[in-house]
There are 2 protein chains.
Amino acid sequence: MNLKELSTLLGLSQTTVSRALNGYPEVSEVTRDKVMKAAKLHNYSPNTRARGLATGRNHAVGHVIPLSTEHEVVNPVFTDFIAGASEIYSRENYDMILSIVPDSTEADAYRKIAAKGSVDGVIVHGPKANDPRIALLREIGMPFVVHGRSGIAEESEYSWVDMNNTRAFERATEFLIDLGHRRIGLLNGLETMDFALKRREGYRAALASAALKEHKDLCYSSEMTEEYGFTATMEMLALNQPPTAILASSIIVGFGVRRALDTSGLKIGKDVSLIVHDDDLSYLRNGSNEPIYTATRSSVRMAGRICAEILMEQISDPNRPLRHVLLDAELIIGHTTGPAPKD
Amino acid sequence: MNLKELSTLLGLSQTTVSRALNGYPEVSEVTRDKVMKAAKLHNYSPNTRARGLATGRNHAVGHVIPLSTEHEVVNPVFTDFIAGASEIYSRENYDMILSIVPDSTEADAYRKIAAKGSVDGVIVHGPKANDPRIALLREIGMPFVVHGRSGIAEESEYSWVDMNNTRAFERATEFLIDLGHRRIGLLNGLETMDFALKRREGYRAALASAALKEHKDLCYSSEMTEEYGFTATMEMLALNQPPTAILASSIIVGFGVRRALDTSGLKIGKDVSLIVHDDDLSYLRNGSNEPIYTATRSSVRMAGRICAEILMEQISDPNRPLRHVLLDAELIIGHTTGPAPKD
DNA sequence: CCCCGAACTCAAAGCGCTTTGGCATCTCTC
DNA sequence: GAGAGATGCCAAAGCGCTTTGAGTTCGGGG
């Protein structure tokens, strides 16, 4: 069923039917009603391509996922993020187009997306420490929102939604220091990524203000897998002076830490304390009533919602001022932290 | 840059340029070359909407994710699946459109997608025991591939890619029985889902052929979270006759089981054995060299690739015969199983 | 030297929609 | 009762592409 068919069926012109459906005032309520009913009855939805072609609007946004050899953004965090974003999209009747592109061809991919004109805006995932995509998108002139930030310099020049990574990890480290811990391991994410750098800074700041020095052999940086948590922890435990506390960059890494401690016969929260960062993932809840892990928590799903909302805003009116949202993580106390053991 | 601009720039007609770009034989190699170069230089990509309108082909496939109150398909398994699928899509230059729709309006959503004509085919995720979507899509006449199956009756009438869930869980159960276990807990997924039902069948079959009876209080069914694994295990351990082995439907559930055993001071693989199903998720690897958990393993990412490939086939030639792919899970032996403890 | 087919190229139609500008018809107002 | 302004509807253009059917050019055989 297309417009033409529907309109001949109704004995009206295409114009009138189109206007009726799109809420233009030039059509009487009676007619509009008739049209609406007929549309529903015959299951008519305007063809998106044609509509897009005519209006220049796609009702679609793009999520470009760099597929790199070193870092996979298609991860559980990403999943929850898009779950959040799509809540907004479905409300606004927008489609979400996912392109997973090898990061070698990423710049091209963005240009191509712009040229193909199939989306009205994009969301940038997993910004690196100094990410060329931002300049690129500004140059192209397509509305975009970054999940995270990239470098400090021009962060006022694009819209972003970020968690306060620095503060979160600073706070977590302070908490451990207050508990008497002096040797604190950091299982960070890949430090090519902006968020990981910021977390590192926070960790460092807390140590510094307690006049503690950072030990190189207690600081790890890698893709955030369970295996990583396990291996790194085992390595640290084998040191002459193993850490009494560990800060893990995700709950999955935390699982690995737990396994390593179990394997080594150490009691979590007693022999070794653990704080994880908890993205509040729907499938990896940190306890339902009561938290299991002591954690810095910030819902990535929420971040997805906010990003999407800002992008919608930006699309509907490109002249809106840029938006910057900094979400604070809360420190929640679970069963994996305790006072530093005396030796 | 659009076709018109590009062609005047080259001093050629739009037809010629279009043909040159699309590989038609009516254009000389010299011309084609010039056109190609210019297109690359000026970063020209044909507008997808216009192209779609003209050809009726979108170069896009849809993934419809039912968002239900009881079951979230946006889960880590889904993530790896689309990572696999998109490997194929990006190779074939297809877009992936994700729609997350409330499952109450799901039927409508499919009709609407068909009517809007923005995709050439769809992949059906998370089929329920008897899923109406399949009949619906056949009626609509849009190419589709199901990840999983739905009921036994007409499974020859649509394309699907599934894991042999029944066999996998039968084999795992047999393995535990061979180790001497008699009380085997099952932490299944939601048994409204087809895959979970099939797993249950396999479990049941193995028990039956060993002349063991199924204990209701050892069989759980729920969304596959860590919390679920923990809670259910704690409950079972509190029984008069707790299980000596547990079968968990995912590695995440397995994490919960591990935590429950730790909490209870029980040694995994000794006091209680554990087999998980391992979807070989990139972020939740079951060990890199050597498996950690004893598991039935089948790569969901691979399933994604195969689904996508079949769908591409089906789209390019709707008359291709339907395809049915049944992937067998391998049983891999990790450190979480051992002979049943004597009491 | 001419004609014919091969090799190219082109103008124009059409995909399904929105939107501009215009045309009836109808209702007031003076 | 006529002109002005609403009101409700319509025809047609145009979005950027593909594709049909119709040229145009060129080289080679008769």
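Order of the sequence lines sets the chain letters (A, B, ...), proteins ahead of strands, with each chain counted from 1. Hydrogens, waters and symmetry mates are skipped; everything else that's a heavy atom, side chains included, is used.
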Carefully, step by step, assess R49(B) and N58(A) under the rule side chain to side chain contact (heavy atoms under 4.5 Å, CB included).
CA-CA 9 Å; R49(B) 298 177 298 230; N58(A) 289 294; 2.8 Å; yes
Ranking L53(B) and L12(B) by the position along DNA chain C of their nearest nucleotide, the one closer to 5' is L12(B)
Please tell me if S13(A) has a side-chain N or O lying less than 4.0 Å from either OP1 or OP2 of dC10(D).
yes
Counted 5' to 3', the first and last nucleotides of DNA chain C within 4.0 Å (strictly under) of a heavy-atom of chain A are dG16(C) to dG21(C)
Taken to the nearest 0.5 Å, the spacing of H147(B) NE2 from F81(B) CZ works out to 5.0 Å
Is S28(A) near enough to dC9(D) that one of its side-chain N or O atoms lies under 4.0 angstrom from OP1 or OP2?
yes
DNA chain C nearest-nucleotide lookup for T15(B) and Y24(A): closer to the 5′ end is T15(B)
To the nearest angstrom, the CG-C1' distance between L3(A) and dC10(D) comes to 13 Å
task = May I ask you to verify if any side-chain N or O of T16(A) is less than 4.0 angstrom from the OP1 or OP2 atom of dG8(D)?
result = no
Between CZ of R57(B) and P of dT19(D) the distance, given in whole Å, is 10 Å
What orientation do H63(B) and Y89(B) show, parallel under 30°, tilted 30 to 60°, or perpendicular over 60°?
-> perpendicular
Margin query: One pair to check against side chain to side chain contact (heavy atoms under 4.5 Å, CB included): M163(B) and D279(B). What are the steps and the verdict?
Written below: CA-CA 10 Å; M163(B) 196 214 18; D279(B) 294 291; 5.9 Å; no
Side chain to side chain, I100(A) and S90(B), heavy atoms closer than 4.5 Å = no
*Verify whether one side chain among D194(A) and S150(A) offers a donor that lies under 3.5 Å from an acceptor in the other.*
no
Exercise for review: Assign T55(A) to base, sugar-phosphate, or nothing according to its heavy-atom contacts below 4.0 angstrom with the strands shown.
Suggested key: sugar-phosphate
Of G11(A) and Y44(B), the one whose nearest nucleotide on DNA chain D sits closer to the 5' end is G11(A)
Taken to the nearest whole Å, CZ/R19(B) to P/dT19(D) is 7 Å
